[in-house]
There are 2 protein chains.
Amino acid sequence: MVTKQFTGSPEDADLARADSLAREIFADLANKWALLIVEALGDDTLRFSDLRRGIDGISHKMLTQNLRMLERNGLVERAVHPTVPPRVEYTLTEPGRALRETVAGMCDWTSRYLPHIETARRRFDT
Amino acid sequence: MVTKQFTGSPEDADLARADSLAREIFADLANKWALLIVEALGDDTLRFSDLRRGIDGISHKMLTQNLRMLERNGLVERAVHPTVPPRVEYTLTEPGRALRETVAGMCDWTSRYLPHIETARRRFDT
DNA sequence: CTGAATCCTAGCTGATACTG
DNA sequence: CAGTATCAGCTAGGATTCAG
């Protein structure tokens, strides 16, 4: 995942492809908006605008962009109800919910170590 | 963590500060280089150049930049040995190792769902 | 309401060169 | 070896506007 070992041998081709794909996916998901969306969706089914209200500071553009990416990677399911006005609902898929658990772990980590980080920063900023 | 609820009441001030700090930290850490560094460090103590070799594709600049950030937030400890040539070693602190577990979960998730994602992408890209 | 496209800016990023 | 500074290219990201 982190390192790449190329021996040049032919049977490494598949591993190399899988590794570069893993990296690509990791780069897709390891950004704050994507993770916050996954966290915000949780077990709910939310409309675009609800999601937007739910994630503080996210712009219209970033939300659509990341939702597309998450949909493309199969983490989010998009259900369009052809009414007027249109109603589009987003839900985490099973892989999405699985990832959400690790994201939740990251959020827990943040609140848990918040004091430690605050003091570490003060010490460093001198 | 994800949402902000401002009622304007005075006792919310602390909560609001903590929340914005949490967001800042989350934004710091939710980027691929930071997470890959945490993962690469693991339980080891590594020199700058070893770390650089260990993380495929990272530039000198991104590595120093992210190491500083991680050090500032107290995730990484930096030990300078005043020899010549200089020898600088990096190790995860306890909070760093704690975060590393969730990062490991994310890596596991990636390799586990790689096939699913690959097919999801093919379906989407049509 | 949802979403696409455009423009525009700030900031990230890599490459390179220089210091201790 | 480790770190810093500088420069140039590019991309992320916001604001706005138009369409279905």
Side-chain angles (χ1 to χ4, degrees), chain A residues 2 4 20 23-38 40-41 44-73 75-91 124-126, chain B residues 2 4 20 23-37 40-41 44-73 76-91 124-126:
Chain A
V2 176
K4 277 186 189 175
S20 99
R23 267 304 188 81
E24 195 185 324
I25 293 163
F26 194 84
D28 267 3
L29 300 179
N31 84 67
K32 68 170 178 173
W33 293 134
L35 297 183
L36 286 175
I37 290 172
V38 168
L41 265 175
D44 303 328
T45 292
L46 295 178
R47 301 185 58 168
F48 182 87
S49 41
D50 294 333
L51 210 37
R52 180 148 150 66
R53 265 187 295 276
I55 303 173
D56 185 80
I58 195 169
S59 69
H60 188 115
K61 186 182 181 180
M62 285 301 100
L63 184 53
T64 45
Q65 204 167 98
N66 280 278
L67 280 172
R68 285 296 160 281
M69 180 273 285
L70 292 173
E71 189 193 356
R72 180 169 117 91
N73 288 319
L75 299 186
V76 156
E77 194 188 316
R78 179 165 173 269
V80 183
H81 300 80
T83 58
V84 41
R87 177 186 191 81
V88 182
E89 294 179 326
Y90 294 90
T91 319
F124 186 91
D125 295 342
T126 53
Chain B
V2 176
K4 277 186 189 174
S20 99
R23 267 303 190 84
E24 194 185 325
I25 293 163
F26 194 84
D28 267 3
L29 300 179
N31 83 67
K32 68 170 178 172
W33 292 134
L35 297 184
L36 285 174
I37 291 172
L41 266 176
D44 303 328
T45 292
L46 297 176
R47 302 183 56 167
F48 182 88
S49 42
D50 294 332
L51 208 38
R52 179 148 151 67
R53 266 188 295 276
I55 303 174
D56 186 79
I58 196 169
S59 70
H60 188 115
K61 186 180 180 181
M62 285 301 100
L63 184 54
T64 44
Q65 203 166 98
N66 280 278
L67 280 173
R68 286 295 161 280
M69 180 272 287
L70 292 173
E71 190 193 354
R72 180 169 117 91
N73 288 320
V76 156
E77 193 187 318
R78 179 164 173 269
V80 183
H81 300 79
T83 60
V84 42
R87 178 185 191 82
V88 182
E89 294 179 325
Y90 294 92
T91 318
F124 186 91
D125 295 342
T126 54

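As the structure is a computational prediction, the values presented were derived from the model and not from experiment. Below, chains carry the letters A, B, ... as their sequence lines are ordered, and counting in each starts from 1.
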Nearest to the side chain of [X], heavy atoms from C-beta on, is which of [options]?
X	options	result
Met62(B)	dG14(C), dG13(D), dG3(D)	dG14(C)
Arg78(B)	dC1(C), dG3(D), dG14(D)	dG3(D)
Val88(A)	dT2(C), dT6(C), dA2(D)	dT2(C)
Pro86(B)	dT2(C), dC1(D), dG3(D)	dC1(D)
Arg47(A)	dG14(D), dT6(D), dC1(C)	dC1(C)

Q. Just one of Asn66(A), Leu41(A), Val38(A) clears the side chain to side chain contact (heavy atoms under 4.5 Å, CB included) bar with Val76(A), so which one?
A.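 Per the side chain to side chain contact (heavy atoms under 4.5 Å, CB included) rule, the option paired with Val76(A) is Leu41(A), out of Asn66(A), Leu41(A), Val38(A).
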
Measure from [atom1] on [X] to [atom2] on [N] and round the result to the nearest Å.
X	N	atom1	atom2	value
Gln65(B)	dC12(C)	CD	P	7 Å
Arg87(B)	dA2(D)	CZ	P	8 Å
Asp28(A)	dA12(D)	CG	C1'	14 Å
Leu63(A)	dG13(D)	CG	C1'	13 Å
Asn66(B)	dT4(D)	CG	C1'	16 Å
Glu89(B)	dG3(D)	CD	C1'	17 Å
Ile55(B)	dG14(C)	CD1	P	12 Å
Met69(A)	dA12(D)	CE	P	11 Å

(Q) Donor-acceptor check, side chain of Asn73(A) to backbone of Leu75(A), threshold 3.5 angstrom: yes or no? (A)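 Not confirmed, Asn73(A) side chain does not pair with Leu75(A) backbone.
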
Q) Does Phe48(B) offer a backbone N or O that forms a donor-acceptor pair with the side chain of Arg53(B) under 3.5 Å? A)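 No; judged by distance alone, with no hydrogens or angles, the pair does not exist.
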
Any side-chain N or O of [X] below 4.0 angstrom from OP1/OP2 of [N]?
X	N	answer
Thr64(A)	dA4(C)	no
Tyr90(A)	dG3(C)	yes
Arg52(A)	dT2(C)	no
Ser49(A)	dT2(C)	yes
Arg68(B)	dG3(D)	yes

Q: Kindly indicate whether the side chain of Arg72(A), heavy atoms from C-beta on, has any atom under 4.5 Å from the side chain of Asp28(A).
A: no

Q. Pro85(A) or Lys61(A): which one's nearest nucleotide on DNA chain C is closer to the 5' end?
A. Pro85(A)

Q) For Asn31(A) and His60(A), take the nucleotide of DNA chain D holding the closest heavy atom to each; which residue's nucleotide lies nearer the 5' end? A)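 In this pair, the answer is Asn31(A).
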
**Q.** Value rounded to 0.5 Å, distance of CZ in Arg87(A) from CZ in Arg47(A)
**A.**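 The distance works out to 4.0 Å.
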
